[in-house]
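Just follow the structure's listing: the first ligand is 1, and inside any ligand the first atom is 1.
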Amino acid sequence: MNTFAIDRLHAREILDSRGRPTVWAECRLASGARGAASVPSGASTGRAEACELRDGEPSRYRGLGCRRAVANVNTVLHDGVRGRTFATQAEFDGVLQLLDGTPNLGRLGANAVLAASLAFARAVAAQRGVPLYRHFADLAGLPLRTLPRLTVNLFSGGKHAGEQAALQDVLLAPVAVQNTDEGLAAVVAVYQCAADLILRKYGQRLLRADEGGLAPDFPNAEAMLADAVEAIAAAGYKVGTGMALAVDVASSHFQRDGLYHLGGKPLTSAGMIDQIADWVRRYPLVSVEDGLAEEDWANWPALRTRLAGHSLTLGDDFLCTQPERIRRAIAAGAANALLLKVNQVGTLTGAAQAAALAREAGWKVVVSARSGETEDDWLADLAVGWGADFIKVGSITQSERLAKYNRLLAIEAETALPLAG
Ligand code: PGA
Ligand code: ZN
């Protein structure tokens, strides 16, 4: 059996796509193999997420510094694993978790722990002499069968933009294409038509939100959907069968006192479900993410039932990539798709467990980036290795997003795997 002896764990503070600090770490093995990785960070976060450690020094990066998390990698984590030999990722992650000692990784920081977990995976792939996507597939015990389908941010609202409209993302889903290469070309064509439309309609040049989505002064959520359909048609694609849509409602962020403040009259949970069902009837939505708030457990099953056969009921903040929440949602019939963000749970092993639960329940898996990203591209390898049905990386205009798309193109060229579904 292959084993992996740790020589050194080492971290640094770097900046993410919002100019906020995050953690980069490198793992060196005794064999001389090494791997490095950077962790992303969210803005529209769920309450059950693993806990990022931030310095809280107001005079430096408004308190968002990661020097303490970095120091934790360089001391506690390094000291805890140096000279030890591991046979598996699960064993390595188990030790990281023990060294932290809290359920949400709040002591050393989920950002510190995940940087170490990912760096170890890259170093092991290097020692094994296999591409990272193959290593991820082996970790999950899965064959390499398909590449994820794209869902690409077109319009942004909510917390990723100026909250001008409550809907967080309207995404393009190139459902008719045969490969990633065609998918990207189609998405870029629609994005360009959408940019023209925004200039004409709102008199605004390309004002981009955190993930590169267009973010003009939409009067309301409905306008975001209607404008997306108009842009698809303007680009010459058949609305629905040629190019479909997905939405991230991110509704936890506009629910207060049990009511949804989508704009106009506040909606009850039942009213919110009616609103979403109406959108799904009138727009080609293949997936609805966080249609209800993260603690609105009682109403998620009704949402799933209403959308069944038309659109996926996808849980992001609702599930937070946490195995216990996913188990509970499966038992309740509360969703049928998992948005998987590794830093919501803090280790590759936790994320693998989450993905396995979803797959066993027959759910779809959407591997997702965060709104604060880095130029690291491990997410593309993860989505391929774990056989994700979809990948959600943001828009096509910023290099922290393109790093992942370009990596997918490289994997596609190398493997010639077909798209999922
Ligand atoms: P994030 O949100 O800002 O937490 O990364 C992305 C999403 O809601 O999908
Ligand atoms: Zn989301």
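Residues Gln89 and Ser117 have side chains that bring a donor and an acceptor to within less than 3.5 angstrom of each other. Under the 3.5 Å distance criterion, with hydrogens and angles disregarded, no donor-acceptor pair is assigned to the side chains of Asp16 and Ser41. Side-chain N/O atoms of Gln168 and Ser44 include a donor and acceptor closer than 3.5 Å. Using a 3.5 Å distance cut-off with no hydrogens or angles, the side chains of Gln275 and Tyr260 do not pair a donor with an acceptor. Side chains of Asp93 and Thr349: a donor on one and an acceptor on the other come within 3.5 Å. Defined by atom type and a distance below 3.5 Å, a donor-acceptor pair is missing between the side-chain atoms of Asn153 and His160.
Looking only at protein heavy atoms, the nearest one to atom 8 (O) of ligand 1 is Gln168 NE2, 2.8 Å. Looking only at protein heavy atoms, the nearest one to atom 3 (O) of ligand 1 is Ser371 OG, 2.5 Å.
Residues Ile326 and Trp363 meet the side-chain proximity criterion, which asks for heavy atoms closer than 4.5 Å. Residues Leu225 and Leu167 form a side-chain contact, since some pair of their non-hydrogen atoms from C-beta on lies under 4.5 Å apart. Residues Gln97 and Asp100 form no side-chain contact, since every pair of their non-hydrogen atoms from C-beta on lies 4.5 Å or further apart. When side chains are defined from C-beta on, Val286 does not count as touching Leu245, because their heavy atoms never get closer than 4.5 Å.
Surrounding CZ of Arg18 are more than 12 heavy atoms belonging to other residues, nucleotides or ligands, all under 6.0 Å away.
Residue-level proximity to ligand 1 for His160 is carried by the side chain, the only part with a heavy atom below 4.0 angstrom. Contact annotation: for Asp290 versus ligand 1, there are no heavy atoms closer than 4.0 Å.
Within ligand 1, the atoms closer than 4.0 Å to a non-hydrogen atom of Gly42 are 1 (P), 3 (O), 4 (O), 5 (O), numbered from 1 in the order shown. Ligand 1 places these atoms under 4.0 Å from at least one heavy atom of Asp248: 7 (C), 8 (O), 9 (O). Taking every non-hydrogen atom of Ala43 and a distance limit under 4.0 Å, the qualifying atoms of ligand 1 come out as 1 (P), 3 (O), 4 (O). Near Asp316, meaning under 4.0 Å from one of its heavy atoms, ligand 1 places the atoms 7 (C), 8 (O), 9 (O). Near Glu289, meaning under 4.0 Å from one of its heavy atoms, ligand 1 places the atoms 9 (O).
On a distance-only criterion, Ser44 and ligand 1 share at least one N/O pair closer than 3.5 Å. When only interatomic distances are considered, the shortest N/O to N/O separation between Asp169 and ligand 1 does not fall below 3.5 Å.
The closest approach between a heavy atom of Lys341 and any atom of ligand 1 is below 4.0 Å.
Closest heavy-atom approach to atom 4 (O) of ligand 1 among the candidates Arg370, Gln344, Lys392: Arg370.
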For this session: Would you check, one step at a time, whether the test side-chain contact (heavy atoms from CB on, under 4.5 Å) holds for Met272 with Leu303?
Result: CA-CA 9 Å; Met272 192 65 202; Leu303 175 66; over 6 Å; no

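The set of protein atoms (N, O or S) found at less than 2.8 Å from the Zn ion (ligand 2) reads Asp248 OD2, Glu289 OE2, Asp316 OD2, by chain and number.
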